[in-house]
Amino acid sequence: MAQNLSNDVDPLYYLHNFNQLMETISTLHLDLLRPQDLKFLEHYRQLETDAQQLYVRLICRRANFFRLDKLTYPEIGSLDNATDLLSEHELLKMNPNLTAIDISNLLTAKELKAALQIKGSPTKSALTDTLISELGDTAVEHSVWQRFIPVPVLFPHYRDSLERFRLIYFGNLYQDLSQFVVSDLGIMQFENYPLDQNTRAFNRTEDVDRYLLFDQINQQLEDAVLPNDEQLKILLCPMYNQRLELKRNRLIKAVGQQLERNKNLSAAAELYASASLPPNRERHVRTLFNQQLFEQALDHCHQLAEQPLSADEEMFCKSFTPRILRKLGGPVVRRPTEQFNSEQLVLDDDGQRVELQVITHYRALGYDGIWCENELFNTLFGLLFWQQIFAPLEGAFSHPYQQAPLDFNSPAFSQRRHRLFQNRLQQLHKVNLLEEIAGQYSEHLGIANPFINWKRCDPAHISLLCQRIPQHKLLMIMEKICFDPQAYRSGFPDLFLWHSASDDYLLVEVKGPGDQLQNSQKRWLRLFDSFGIQYQISWVTRPT
DNA sequence: CAGGATGAAG
DNA sequence: TTCACACGTTCCG
DNA sequence: GAACGTGTGTCTCTTCATCCTGTT
Ligand SMILES: [Mn+2]
Ligand SMILES: [Mn+2]
């Protein structure tokens, strides 16, 4: 993993990276493969380099079908030889059946217009519609589409096997082989945590299948297609694997939301009831309430109050329980609205973002400042707790391209590292924070961390923050993030302002017209009150 | 012909 | 694979 | 005016080529 931007990049980098992936899969993950995946490996291995190169080039691209005349791979010796070999091994089909949409995707608007012999200047989607009306929705044979595309078309097989390999290797579907080259070029750098071959993202072939099924349901949902009965039945089964259970919960949240949109509250409630991670229990209570099932809603709301799993759940049952009781004949309880340090600002709209307008306003008062939102405190956290975040716990790392441990998104993340965070916090009370930050910064600069965006990070601002806010108060903030990062990594005020002529600082949450405090923001402001941290909400209005 | 969207490439 | 926000609707004192 | 739901723009590594579309 070279960190220098060297000029001599391996010209066959894509092939060698692909082969490395195949090697890892066939040495470590054979037990997770289906018969057809093994068949692919078998055939791929026997190919000459030319054919391997072409297959990898095509399968790494997004499209399913490729026009032979559009392929320009000067590093491949003979395209014809390659296509012949791939066809022989059934890794590629020449001139497959194509639908009207496939044909349209293979032609430019100009070509399509000429092929349809249409005059004027229709849009491409109009041309596609014409083609669909001519050919229907089903795929047609070569002899039929040949008059539109007079060149050979290639269709590489085993795309689903390659997707499975990616999932098994990375543990997710959003990373792909480009990670290898981007990492080799030093464009993305990853922490150098120890890896052992026994730690794998998946250990059971059923888990891989289930992940792929969840992903498929997710994609259907993007087109507002609800899961069928069989899929729903599977969705109701809790998963032992923590990451899968998290994925299942997220999916249930999305499916439930769609069911609510369709006014199918009882189905939504049944789904929510099967999932216990936030915010599904809250949605369960709400859907019961909306079905007028107030006793049940109250019952589940009490369960929630007994063991809230997130700061949001805690806040929810406090405000929602009285509302249910009211429906059951209870008294009207008026909760006093929370009061925070606030000011009203009347500012002319100069077209800039309102946050910048408030900075300008404070400049006139002797302050300088930045619009940083969560960035400053998260970066500070990422730097100070680097070793704890990347602690080599069992099962945390399965491949070299992780920006966070595998359990990062689960509630178990902070629980499993509780002792580590505690010790680190104690230690940080006794050190010079500025020196500590400078050390961590230079040691880890550029390496991916879930709390840090290096592109935007300005160490001068981090230092300034640490000079202005007393160390023990900063560490109180860090402590909250340590023990519930999910809830406390967001909601910080928009602005960090510092007074030029004194040591004063101010954290400002800007609220333009129509904007309201979010729960995460209220949480922090409440804590700032109790910690004694200087903050202000600036409610901006426009002159009438 | 400019500007945006998309995707391939390293 | 996130977070913050704008905007619209509904509810309620 | 709260509370709530929903849609959107921002982010993914950067650069370059190609295609599409809508404006002159
Ligand atoms: Mn903000
Ligand atoms: Mn704001």
Side-chain angles (χ1 to χ4, degrees), chain A residues 2 5-14 16-17 56-58 60-63 66 70-75 104-113 121-128 170-190 215 218 246-247 250 254 257-258 260-261 279 282-283 286 289-290 315-316 319-320 323 326-327 332-338 353-355 371 373-375 378 401 403-404 408-409 446 448 450-451 453-456 485-487 489-494 509-522:
Chain A
L5 292 152
S6 50
N7 294 324
D8 53 334
V9 183
D10 173 8
L12 293 185
Y13 75 92
Y14 60 92
H16 296 150
N17 290 342
V56 174
R57 279 296 200 194
L58 297 185
C60 285
R61 290 174 60 170
R62 194 170 287 268
F66 303 92
K70 292 273 189 181
L71 301 181
T72 50
Y73 297 124
E75 81 281 8
S104 166
N105 287 337
L106 285 164
L107 296 168
T108 67
K110 218 180 211 174
E111 291 168 330
L112 189 52
K113 196 182 117 192
S121 50
T123 64
K124 182 155 191 196
S125 63
L127 289 166
T128 307
F170 288 112
N172 61 58
L173 286 172
Y174 59 85
Q175 287 178 292
D176 57 35
L177 273 167
S178 69
Q179 285 290 310
F180 287 55
V181 66
V182 162
S183 168
D184 282 341
L185 289 170
I187 293 169
M188 286 179 88
Q189 295 170 261
F190 297 91
D215 188 72
N218 224 340
L246 188 69
K247 190 151 181 82
R250 289 204 176 140
Q257 194 174 19
Q258 185 63 39
E260 285 190 73
R261 264 194 289 264
E282 174 185 329
R283 295 314 315 172
R286 282 186 192 279
F289 182 89
N290 291 337
M315 208 186 274
F316 165 74
S319 68
F320 207 76
R323 224 172 118 187
R326 174 83 186 84
K327 288 286 186 186
V332 179
V333 186
R334 251 193 98 65
R335 264 179 329 124
T337 47
E338 280 183 286
R353 290 292 305 256
V354 66
E355 289 84 357
W371 178 17
E373 309 248 3
N374 306 317
E375 186 188 309
N378 279 333
Y401 308 100
Q403 69 145 9
F408 181 68
N409 287 311
F451 290 96
N453 182 342
W454 289 107
K455 256 190 320 187
R456 294 203 222 167
Q486 192 71 21
R489 59 178 301 173
S490 64
F492 287 102
D494 293 309
E509 174 51 43
V510 177
K511 286 298 168 197
D515 193 5
Q516 290 297 312
L517 282 175
Q518 282 156 274
N519 283 344
S520 61
Q521 296 175 331
K522 287 182 190 168

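Letters go in sequence order (proteins before strands), and every chain restarts at 1.
- Here, D:dC13 and C:dA4 have their C1' atoms 24 Å apart, quoted to the whole Å.
- Rounding to whole angstrom units, CD of residue A:Glu375 and P of D:dC11 are separated by 12 Å.
- Remark: C1' of C:dT2 and CG of A:Asn453 are 12 Å apart, rounded to the nearest angstrom.
- A straight line from CZ of A:Arg456 to P of D:dC11 spans 6 Å, rounded to a whole angstrom.
- The distance from atom CD of A:Gln258 to atom P of D:dT6 is 9 Å, rounded to the nearest whole Å.
- Across all strands shown, A:Gln257 has heavy atoms under 4.0 Å from sugar-phosphate atoms exclusively, and none from any base.
- A:Ser520 OG to A:Gln486 CD: the interatomic distance, rounded to the nearest 0.5 Å, is 11.5 Å.
- The gap from the P atom of D:dT10 to that of C:dA6 amounts to 14 Å, rounded to the nearest Å.
- B:dA5 sits 14 Å from D:dT8 when the P atoms are compared, rounded to a whole Å.
- Pairs of Watson-Crick or G-U wobble type, with distances under 3.5 Å, assemble into runs of 3 or more in DNA chain C at these ranges: C:3-11 with D:1-9.
- Contact record, A:Trp454 with A:Ala448: NE1-N, 4.4 Å, taken as the closest heavy-atom pair.
- Here the side chains of A:Lys511 and A:Leu517 are in contact, with some heavy-atom distance below 4.5 Å.
- The distance from atom CG of A:Asn290 to atom P of D:dA3 is 16 Å, rounded to the nearest whole Å.
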- line: 5' to 3', nucleotides 4-13 of chain C under a 4.0 Å protein heavy-atom cut-off (B base, S sugar-phosphate only, - none) gives SSS-----SS
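- A distance of 12.0 Å separates CD of A:Glu111 from CG of A:Leu127, quoted to the nearest 0.5 Å.
- Along DNA chain D, the nucleotide nearest to A:Gln179 and the one nearest to A:Thr337 differ in position, and the one closer to the 5' end is contacted by A:Thr337.
- Across all strands shown, B:dG7 is found opposite D:dC16 as a Watson-Crick or G-U wobble partner, with both distances under 3.5 Å.
- Atom OG of A:Ser178 is separated from atom OH of A:Tyr14 by 15.5 Å, given to the nearest 0.5 angstrom.
- Contacts of A:Arg489 classified as salt bridge (Lys or Arg N to Asp or Glu O under 4.0 Å), with partners at least two apart in sequence or in another chain: none.
- A:Asn378 has its CG atom 11 Å from the C1' atom of C:dC3, to the nearest Å.
- Looking at heavy atoms from C-beta onward, A:Asp494 lies out of side-chain contact with A:Arg353 at the 4.5 angstrom threshold.
- Using P as the reference atom, D:dC11 and B:dT6 are 16 Å apart when rounded to the nearest Å.
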query: Going through the distances and angles, do A:Arg286 and A:Glu260 end up as a salt bridge (charged side-chain N to carboxylate O under 4.0 Å, His left out)?
result: CA-CA 11 Å; A:Arg286 282 186 192 279; A:Glu260 285 190 73; over 6 Å; no
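- The CD-C1' distance, from A:Glu260 to D:dG5, rounds to 9 Å in whole Å.
- Distance check, rounded to the nearest 0.5 Å: CZ of A:Phe66 to CG of A:Leu71 gives 8.0 Å.
- The shortest side-chain heavy-atom distance between A:Phe316 and A:Pro279 does not fall under the 4.5 Å cut-off.
- Between D:dG9 and B:dG4, the distance separating the two C1' atoms is 16 Å to the nearest Å.
- Summarising the geometry, atom CZ belonging to A:Arg62 is positioned 9.0 Å from atom CG belonging to A:Asp176; distances are rounded to the nearest 0.5 Å.
- Residues A:Gly491 and A:Asn374 come closest through the heavy atom pair N-OD1, 3.1 Å.
- When the P atom of D:dT14 is taken as reference, atom CG of A:Asp184 falls 17 Å away, rounded to whole Å.
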Could you go through nucleotides 20-24 of chain D and list every protein N or O atom that sits under 3.5 Å from one of its N or O atoms, giving the distance for each pair?
residue	atom	partner	partner atom	Å
D:dC20	OP1	A:Ala109	N	2.8
D:dC20	OP1	A:Lys124	NZ	3.1
D:dC20	OP2	A:Ala109	N	3.2
D:dT21	OP1	A:Lys124	N	3.4
D:dT21	OP2	A:Lys124	N	3.2

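- The distance from atom CD of A:Gln521 to atom CD of A:Gln516, rounded to the nearest 0.5 Å, is 10.5 Å.
- Legend: residues meeting side chain to side chain donor-acceptor pair (under 3.5 Å) with A:Arg61, ordered by chain and number and at least two apart, are A:Tyr73.
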message: Return a single string for nucleotides 2-10 of chain B, one symbol per nucleotide in 5' to 3' order, where B is base contact, S is sugar-phosphate-only contact and - is none, cutoff 4.0 angstrom on heavy atoms.
response: -----SSSB
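- Looking at A:Lys124, its side chain does come within 3.5 Å of a backbone N or O of A:Ser104 through a donor-acceptor pair.
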